[in-house]
Engineer: 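Dumping the structure here so I can ask a few things about it.
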2 protein chains.
Amino acid sequence: MRLTRAAEYAIRCIIYLAKQGRGVLANKNDIAERAEIPPHFLAKIGQDLAKAGLIEIRQGAKGGFVLVKEPRDITLLEVVETMIGEIYLNDCVARPSGCNALSACGVHQVWIRARNQLRDTLRQATFDKLIKKKICIPVSDVKNLTGLNNTRGRDNSPEPVKNLP
Amino acid sequence: MRLTRAAEYAIRCIIYLAKQGRGVLANKNDIAERAEIPPHFLAKIGQDLAKAGLIEIRQGAKGGFVLVKEPRDITLLEVVETMIGEIYLNDCVARPSGCNALSACGVHQVWIRARNQLRDTLRQATFDKLIKKKICIPVSDVKNLTGLNNTRGRDNSPEPVKNLP
DNA sequence: TTTATACAAGACAACAAACATCTTATTTAT
DNA sequence: ATAAATAAGATGTTTGTTGTCTTGTATAAA
């Protein structure tokens with residue numbers, strides 16, 4: 001009953017892009033480094049985010065990820081469910097056909113309620129609100145990372161980040 | 001982000017016992033059969049429930065499980081967390097030491113809120129309320145299952161149950 | 001006191017999911 | 001053309017879930 005790492009990484013990736021704003025291209029390795037995501041893993045995560053229409057992937061030299069939607073139109077729920085599928089919390093709710101009492105079951109009703117609350121809370125959290133607050137990723141000077149000739153010229157970055165949500 | 005089967009089984013087990021009432025002994029194999037729990041698995045689950053003080057296990061001939069607490073004093077949260085540990089929903093909340101922004105992080109705050117709501121909802125669901133509703137386990141004629149000489153005399157039971165919460 | 005019944009305790013195994021890496025191919029800017 | 005950058009997916013490692021099995025111990029009843 002815990003969020004997967006892939007989903008936590010996806011959230012950080014979107015935060016990074018949202019900080020830059022919609023339509024701004026970000027180098028994949030820059031994202032990986034700043035958001036502390038294993039680079040190859042980020043590639044896979046990016047593909048899921050692209051399929052869901054959250055980002056666009058530019059191939060080739062000077063390629064990278066671009067946020068497609070406005071941060072205010074992206075919810076935490078959307079990012080999470082893109083990565084882990086629709087949230088159900090328990091099997092009985094996920095596959096009602098396997099449950100003989102269906103919605104009449106008292107336990108079932110509690111789980112339905114819990115699920116709805118959880119999804120509502122995550123849906124209320126839009127990325128425009130999230131990036132206004134202090135956030136786990138230090139992206140204050142994001143834009144000049146992908147600057148002209150600094151393929152590895154980023155070692156004056158702030159101290160490395162630990163694990164973050 | 002899904003409840004484990006062990007926890008779903010534990011809930012069914014407690015419902016079975018709660019229907020009988022506190023202090024009433026139930027044969028383990030009867031519970032396993034009626035609540036559709038693999039018998040050996042129920043043994044392990046029972047041990048966890050006993051350690052948590054929810055049930056008492058009687059060994060030897062005519063042994064079985066006995067509910068220790070009143071159904072009104074047992075919550076769904078208690079049973080669930082006995083089986084899967086305290087609910088955190090994400091790593092960042094579970095191990096704040098690994099997160100550099102701590103409670104100041106906007107994403108963190110959303111998860112804290114979601115977690116509290118979920119736990120509150122599960123805490124409000126006490127088993128006296130749950131067994132008053134229609135429930136997935138058919139336990140109407142529970143008491144005469146463990147009756148005198150019916151070690152295998154239970155084949156007049158209602159049609160078998162599918163998967164339940 | 002012997003026997004059958006029933007649970008304890010924990011080792012073990014099959015399977016699935018999560019987590020991550022690596023390789024080969026393709027796309028694009030210069 | 002060449003180098004940079006991602007695509008796509010095969011593969012590997014680790015962890016967790018979901019059980020089963022074996023050996024031992026406790027208890028009731030003959």
Side-chain angles (χ1 to χ4, degrees), chain A residues 1-10 12-13 17 25-33 35-51 55-66 80 83-85 88 90-91 94 145-153 163, chain B residues 1-13 17 25-33 35-51 55-66 80 83-85 88 90-91 94 145-154 163:
Chain A
M1 191 142 245
R2 202 190 99 260
L3 196 63
T4 63
R5 221 159 250 284
E8 303 233 31
Y9 290 154
R12 288 196 226 161
C13 174
L17 295 172
L25 185 136
N27 176 271
K28 179 162 76 74
N29 287 326
D30 285 342
I31 302 173
E33 186 168 337
E36 298 238 316
I37 304 171
H40 288 94
F41 204 3
L42 177 56
K44 230 193 260 185
I45 290 164
Q47 286 163 31
D48 291 339
L49 295 174
K51 266 180 211 152
I55 68 171
E56 180 195 318
I57 299 177
R58 300 244 177 93
Q59 281 200 75
K62 303 263 172 173
F65 295 172
V66 178
V80 167
M83 300 309 299
I84 67 170
Y88 286 106
N90 79 341
D91 270 353
L145 266 183
T146 341
L148 304 172
N149 46 9
N150 62 349
T151 315
R152 283 268 77 78
N163 296 329
Chain B
M1 194 141 239
R2 200 191 100 259
L3 197 63
T4 62
R5 222 159 248 286
E8 302 233 32
Y9 290 154
I11 294 169
R12 288 195 225 160
C13 174
L17 294 172
L25 186 137
N27 175 272
K28 179 162 75 78
N29 287 326
D30 285 343
I31 303 173
E33 186 168 337
E36 298 238 316
I37 304 171
H40 288 94
F41 203 7
L42 178 56
K44 230 192 260 184
I45 290 164
Q47 285 163 31
D48 291 339
L49 295 174
K51 266 180 211 153
I55 69 170
E56 180 196 317
I57 299 176
R58 301 245 177 93
Q59 282 202 74
K62 302 264 172 172
F65 295 173
V66 179
V80 167
M83 299 310 297
I84 68 170
Y88 285 107
N90 80 341
D91 270 354
L145 267 183
T146 341
L148 304 173
N149 46 8
N150 61 348
T151 314
R152 281 271 77 77
R154 111 175 37 86
N163 297 329

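Residue numbers begin at 1 in each chain, while the letters A, B, ... track the order of the sequences.
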Engineer: For B:L25 and D:dA28, give me the distance from atom CG to atom P, rounded to whole Å.
Structural biologist: 11 Å

Engineer: Would you say the side chain of B:I55 lies within less than 4.5 Å of the side chain of B:L17, judging by non-hydrogen atoms?
Structural biologist: yes

Engineer: Quick one: B:R12 CZ to D:dT18 C1', roughly how many Å, whole number?
Structural biologist: 13 Å

Engineer: Measure from the side-chain heavy atoms of B:Q47 and tell me the nearest of D:dT27, D:dA4, C:dA8.
Structural biologist: C:dA8

Engineer: With a cut-off of less than 4.0 Å, is there a side-chain N or O of A:R2 near OP1 or OP2 of C:dC19?
Structural biologist: yes

Engineer: Output the rounded distance in Å from CG (A:D48) to P (D:dA7).
Structural biologist: 11 Å

Engineer: Nearest-Å distance, CG (B:N29) to C1' (C:dC7)?
Structural biologist: 10 Å

Engineer: Check the distance between C:dC7's P and B:I45's CD1 and give it to me in whole angstrom.
Structural biologist: 14 Å

Engineer: The criterion is side-chain hydrogen bond (donor to acceptor under 3.5 Å, both in side chains); which residues satisfy it with B:Q59, sequence neighbours excluded?
Structural biologist: none

Engineer: Using the test side-chain contact (heavy atoms from CB on, under 4.5 Å), find all partners of B:A43 that sit at least two apart in sequence or belong to another chain.
Structural biologist: B:K28

Engineer: If you find the nucleotide of DNA chain C closest to A:A7 and the one closest to B:I57, which residue's nucleotide is nearer the 5' end?
Structural biologist: B:I57

Engineer: Counting N and O atoms only, with roles assigned by atom type, does the side chain of B:R12 sit under 3.5 Å from a partner on the main chain of B:I37, one being a donor and the other an acceptor?
Structural biologist: no

Engineer: Tabulated below should be each protein N or O lying under 3.5 Å from an N or O of nucleotides 19-24 of chain D; please produce it.
Structural biologist:
| residue | atom | partner | partner atom | Å |
| --- | --- | --- | --- | --- |
| D:dG19 | OP2 | B:Y9 | OH | 2.8 |
| D:dG19 | N7 | B:K44 | NZ | 3.3 |
| D:dG19 | O6 | B:K44 | NZ | 2.6 |

Engineer: B:R2: what forms a side-chain contact (heavy atoms from CB on, under 4.5 Å) with it, not counting sequence neighbours?
Structural biologist: A:D91

Engineer: Could you tell me how far apart A:K62 (NZ) and D:dA3 (C1') are, to the nearest whole angstrom?
Structural biologist: 12 Å

Engineer: Applying side-chain contact (heavy atoms from CB on, under 4.5 Å), name anything that partners A:A7, two or more places apart in sequence or on another chain.
Structural biologist: A:L3, A:T4, A:M83, A:I84

Engineer: In whole angstrom, give the distance that lies between atom CG of A:N27 and atom C1' of C:dT27.
Structural biologist: 16 Å

Engineer: Mapping B:L3 and A:G64 to their closest nucleotides on DNA chain D, which lands nearer the 5' end?
Structural biologist: A:G64

Engineer: B:F65: which residues meet the ring pair (Phe, Tyr, Trp, His ring centres under 6.0 Å) condition with it, sequence neighbours left out?
Structural biologist: none

Engineer: Pick the nucleotide of DNA chain D nearest each of A:M1 and A:A43; which residue has the one closer to the 5' end?
Structural biologist: A:A43

Engineer: Calculate the interatomic distance between A:L49 atom CG and D:dT6 atom P; express it in whole Å.
Structural biologist: 14 Å

